[in-house]
There are 2 protein chains.
Amino acid sequence: MANAINVVIVEDVRDIRESLLALISGMTGYHCAGVYATAEAAIADMPAIVPDVVLMDINLPGINGIEAVRQLKDRFPEINFLMCTVFEDTDNIFRALEAGAGGYIVKNNSPLKILEAIKEVNEGGAPMSAAIAKKVIHSFRKVAKEPSSHALLSAREMEVLQLLSDGLLYKEAADKLNLSVETIRSHCRKVYEKLHVNTKLEAINIVFGKR
Amino acid sequence: MANAINVVIVEDVRDIRESLLALISGMTGYHCAGVYATAEAAIADMPAIVPDVVLMDINLPGINGIEAVRQLKDRFPEINFLMCTVFEDTDNIFRALEAGAGGYIVKNNSPLKILEAIKEVNEGGAPMSAAIAKKVIHSFRKVAKEPSSHALLSAREMEVLQLLSDGLLYKEAADKLNLSVETIRSHCRKVYEKLHVNTKLEAINIVFGKR
DNA sequence: GGCACAATAGCACTTTAGTGTTACTGGCTG
DNA sequence: CAGCCAGTAACACTAAAGTGCTATTGTGCC
């Protein structure tokens with residue numbers, strides 16, 4: 001089977017692991033290149049295998065699936081990772097995507113769906129169950145929140161805040177804008193009043209967004 | 001047809017508009033509640049219709065589809081918008097999602113796919129064509145920053161810095177971690193030494209990256 | 001067992017940031 | 001034209017952040 005998709009399975013629960021193995025190795029066009037119960041074992045073997053796709057559980061003992069993807073994606077950017085989990089909690093989804101997972105599916109999907117997802121992620125696609133796609137899409141909405149904060153501040157106030165957010169002191173910002181330190185204070189004061197905060201960092205987090 | 005999905009079409013190209021209309025009104029379970037060639041006309045009529053789903057073209061004369069969604073989603077949050085376009089350019093995708101679009105499909109999808117997408121977005125899902133899902137997922141991939149700053153700091157130091165970057169005062173961070181304010185000071189001192197800086201903001205910009 | 005180091009904590013002191021209040025100027029607008 | 005507002009600036013004061021120095025505890029390593 002020369003151009004079958006080489007798949008590695010990382011899953012700690014024995015039953016699930018074995019049924020995934022059976023599913024993949026029993027199917028034409030798919031080949032199981034390795035099966036591991038822990039991230040550590042999979043990471044150790046990865047350089048010798050370099051599969052096309054890794055089916056990665058999130059909840060693993062020791063190094064969890066997300067951390068494993070983070071490490072492996074750095075070293076093997078050409079491998080596509082498909083997260084496979086029972087949880088649909090938002091934090092995990094985004095952490096997995098940040099770490100470099102290409103797709104995110106829920107375990108109780110039908111075998112056919114899982115095979116399709118493997119194929120899709122192998123082709124550089126991004127398989128997601130509908131519920132997860134919804135959360136991902138939704139996350140873009142909240143980013144565009146608070147249209148007011150920008151509009152509230154004047155151009156000069158934004159300029160001052162930008163300099164301070166770069167880490168400049170009042171004194172340094174004043175020098176850069178050829179203003180007195182007192183003027184920087186004044187601007188800050190007004191910004192704080194408008195945004196209902198009382199430190200630089202709070203204002204910066206609101207206006208420029210948190211990391 | 002009491003519980004058919006009420007769909008509004010906004011599309012400037014006559015041929016596409018009419019074939020979409022034919023597709024939707026000819027299908028059981030779907031009802032076309034309005035057809036418009038411009039965003040302005042659709043916006044004007046929207047309060048009288050309030051459909052379930054709006055099929056919105058992006059390239060429209062005058063107000064474009066993204067701007068239309070932005071305006072309408074604010075006023076009618078319960079309407080689900082499905083962007084329908086020939087372009088897959090990344091900027092447009094993200095702008096549309098930020099504006100509040102629930103799904104994003106490519107026009108040359110099969111009629112069946114389009115109907116499915118309408119149904120999915122109506123149920124709060126997030127239909128995306130594979131190519132678009134891929135771009136969305138990839139946008140989450142963070143560039144691995146040089147581990148220098150990351151590795152330099154201990155887990156505890158990172159934890160403290162994270163809290164301070166959220167805008168907490170030393171006092172508040174101390175309370176949250178059940179530490180003394182002096183300990184927070186100590187941690188900061190060490191962080192500053194390691195990173196060769198002398199304010200919170202500089203450290204935060206180095207460790208978490210600038211906006 | 002000795003050593004290095006992270007985490008904790010205290011005290012005294014300086015520097016920066018933030019608050020309350022006031023004041024002058026120049027544009028824009030009803 | 002009178003009034004509002006943004007931008008500028010000052011002074012006095014309080015609060016918070018940052019610096020220097022020291023000390024105790026626990027963990028891991030040679």
Side-chain angles (χ1 to χ4, degrees), chain A residues 40 43 61-63 67 71 146-211, chain B residues 145-211:
Chain A
E40 287 86 342
I43 290 171
I63 297 180
E67 194 45 45
Q71 290 179 25
E146 304 285 338
S148 39
S149 83
H150 270 72
L152 268 173
L153 303 187
S154 72
R156 196 56 158 173
E157 286 161 353
M158 287 294 288
E159 200 176 357
V160 170
L161 199 58
Q162 177 63 64
L163 291 176
L164 295 178
S165 102
D166 287 344
L168 301 197
L169 304 178
Y170 283 8
K171 175 85 181 61
E172 296 168 331
D175 287 351
K176 197 150 213 162
L177 297 175
N178 283 316
L179 294 175
S180 118
V181 177
E182 292 302 328
T183 304
I184 302 293
R185 273 193 222 281
S186 280
H187 285 307
C188 280
R189 196 195 330 260
K190 277 175 213 152
V191 168
Y192 296 166
E193 277 166 14
K194 287 179 182 176
L195 303 179
H196 306 292
V197 298
N198 38 33
T199 68
K200 275 196 281 202
L201 259 158
E202 289 177 292
I204 289 166
N205 283 338
I206 288 176
V207 174
F208 300 111
K210 276 224 274 250
R211 291 142 265 250
Chain B
K145 38 188 178 284
E146 57 272 56
S148 42
S149 78
H150 225 88
L152 268 173
L153 303 187
S154 73
R156 196 54 155 174
E157 286 161 353
M158 287 295 289
E159 200 176 356
V160 170
L161 199 59
Q162 176 64 65
L163 291 176
L164 297 178
S165 102
D166 288 344
L168 300 197
L169 304 178
Y170 283 9
K171 175 82 181 61
E172 294 168 332
D175 287 350
K176 198 152 213 163
L177 297 175
N178 283 316
L179 295 175
S180 120
V181 177
E182 295 301 329
T183 303
I184 302 293
R185 270 192 223 281
S186 280
H187 284 307
C188 281
R189 196 195 330 261
K190 278 176 212 150
V191 168
Y192 296 167
E193 278 165 15
K194 286 178 183 176
L195 303 179
H196 307 292
V197 298
N198 39 30
T199 68
K200 276 195 283 200
L201 259 159
E202 288 176 292
I204 288 166
N205 283 339
I206 287 176
V207 174
F208 300 111
K210 278 224 273 255
R211 291 141 267 246

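Here is how names work: the chains are called A, B, and so on, in the same order as the sequence lines, proteins then strands, and each is numbered from 1.
Rounded to an integer number of Å, the gap from Ile184(A) CD1 to dT19(C) C1' is 17 Å. In this structure, the CD atom of Glu182(A) is 12 Å from the C1' atom of dT19(C), given to the nearest Å. Separating the CG atom of Leu163(B) from the C1' atom of dA17(D) is a distance of 16 Å, rounded to the nearest angstrom. One interatomic measurement links the two molecules: CZ of Arg189(A) to C1' of dT21(C), which rounds to 8 Å at whole-angstrom precision. Rounded to whole Å, the distance from CZ on Arg156(B) to P on dG26(D) is 16 Å. One interatomic measurement links the two molecules: CE of Met158(B) to P of dA7(C), which rounds to 12 Å at whole-angstrom precision. The separation between Leu169(B) atom CG and dT16(C) atom C1' is 14 Å, rounded to whole Å. Put simply, CG on Leu164(A) is 14 Å from P on dT16(C), counting in whole angstrom units.
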Trace of the side-chain contact (heavy atoms from CB on, under 4.5 Å) decision for Glu172(A) with Leu169(A): CA-CA 5 Å; Glu172(A) 296 168 331; Leu169(A) 304 178; 3.7 Å; yes
Intermediate values then yes/no, side-chain contact (heavy atoms from CB on, under 4.5 Å), Gln162(A) and Asp166(A): CA-CA 6 Å; Gln162(A) 177 63 64; Asp166(A) 287 344; 3.3 Å; yes
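Between Arg185(A) and Glu182(A) there is a salt bridge, since at least one side-chain N of the basic residue sits less than 4.0 Å from a carboxylate O of the acidic one. Salt bridge present: Arg156(A) and Glu159(A) bring a charged side-chain N and a carboxylate O closer than 4.0 Å.
Taking side-chain N and O atoms only, Tyr192(B) has no distance below 4.0 Å to OP1 or OP2 of dA17(D). Residue Thr199(A) places no side-chain N or O under 4.0 Å from the OP1 or OP2 atom of dA16(D).
Residue Lys200(B) is in sugar-phosphate contact alone, with no base atom involved, counting any heavy-atom pair closer than 4.0 Å across all strands shown. Across all strands, Lys171(B) comes closer than 4.0 Å to no nucleic acid atom at all (heavy-atom distances). Residue-level contact check: Ser186(A) touches the bases, meaning some heavy atom is under 4.0 Å from a base atom. Thr183(B) comes within 4.0 angstrom of a nucleotide base, judged by non-hydrogen atoms across all strands.
Take the nearest nucleotide of DNA chain C for His187(B) and for Asn198(A): the residue whose nucleotide is more 5' is His187(B).
Looking at Ser154(B), its side chain has no donor and acceptor atom pair within 3.5 Å of the base of dA6(C). With hydrogens and angles ignored, a donor-acceptor pair closer than 3.5 Å exists between the side chain of Arg185(A) and the base of dG18(C).
Screening Asn205(B), Val191(B), Leu164(B) for a side chain to side chain contact (heavy atoms under 4.5 Å, CB included) involving Lys200(B) leaves a single residue, Leu164(B).
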